[in-house]
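Here the structure comes first, spelled out in structure tokens, and everything after it is commentary.
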Amino acid sequence: MDLKALQDHIRQHDFTPEQAQGYFLKLVEETGELAQALRHNKSGQPGMEDLKGSVAEELYDILYYVCALANIHGVDLELTHQLKEQLNKTKYNR
Ligand SMILES: [Mg+2]
């Protein structure tokens, strides 16, 4: 699944603009959970049985809320990626 498809999928199943602040708070919460997973060195690609609390799960949770917030604010993350790459090419002389 590419980023646009993921963003579309999340928009179809979880789009509540009046909860924009709540999505942001969830993003912050998930970032804290990622810190905990990193501190406990739960890296690597887990299977279903050890997904809970892993770095992989928390990274996905963060990506989920980034996409949800992008949807609420009308941001196309793939387009933004392309634009940022152009900016960074100039900024970092790549
Ligand atoms: Mg989580």
Side-chain angles (χ1 to χ4, degrees):
M1 179 180 283
D2 63 23
L3 185 54
K4 179 157 182 48
L6 177 61
Q7 198 174 337
D8 289 345
H9 173 78
I10 292 169
R11 183 184 303 107
Q12 288 167 8
H13 294 90
D14 189 1
F15 183 78
T16 314
E18 58 273 14
Q19 289 296 317
Q21 198 172 21
Y23 285 114
F24 179 73
L25 292 175
K26 282 297 294 179
L27 174 61
V28 173
E29 181 181 315
E30 297 299 346
T31 303
E33 291 178 4
L34 174 61
Q36 189 172 26
L38 289 168
R39 210 162 51 81
H40 291 102
N41 198 25
K42 294 183 176 177
S43 299
Q45 180 58 61
M48 182 60 82
E49 66 283 349
D50 50 1
L51 180 63
K52 194 74 189 149
S54 66
V55 168
E57 181 190 35
E58 306 312 342
L59 284 171
Y60 176 79
D61 289 345
I62 288 169
L63 179 59
Y64 180 97
Y65 286 107
V66 166
C67 288
L69 281 165
N71 288 337
I72 287 171
H73 292 281
V75 172
D76 178 332
L77 287 172
E78 276 199 0
L79 175 60
T80 304
H81 162 71
Q82 293 166 14
L83 297 172
K84 277 295 288 186
E85 279 297 302
Q86 288 176 27
L87 275 180
N88 288 340
K89 269 184 189 169
T90 305
K91 184 175 181 181
Y92 299 110
N93 203 22
R94 300 196 286 212

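All residue numbers refer to positions in the sequence shown, counting from 1. Both ligands and their constituent atoms are indexed starting at 1 by order of listing.
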Review point. Does CZ in F24 sit with more than 12 non-hydrogen atoms of other residues, nucleotides or ligands closer than 6.0 Å?
Key: no
Exercise for review: Might you confirm whether atom CD of E18 has over 12 heavy atoms from other residues, nucleotides or ligands at distances under 6.0 Å?
Suggested key: yes
Review point. Where is the tightest heavy-atom contact between E57 and L51, given as atom of each residue plus distance?
Key: CB-O, 3.3 Å
Check your understanding: Are any side-chain N or O atoms of N71 and backbone N or O atoms of A68, one a donor and one an acceptor, separated by less than 3.5 Å?
Key -> no
Exercise for review: Go around the Mg ion (ligand 1) and count every protein N, O or S atom nearer than 2.8 Å.
Suggested key: 4
Check your understanding: Out of V75, D14, L77, I62, which one pairs with C67 under the side-chain contact (heavy atoms from CB on, under 4.5 Å) rule?
Key -> L77
Practice item. With sequence neighbours excluded, tell me which residues meet salt bridge (charged side-chain N to carboxylate O under 4.0 Å, His left out) with K89. Key: none
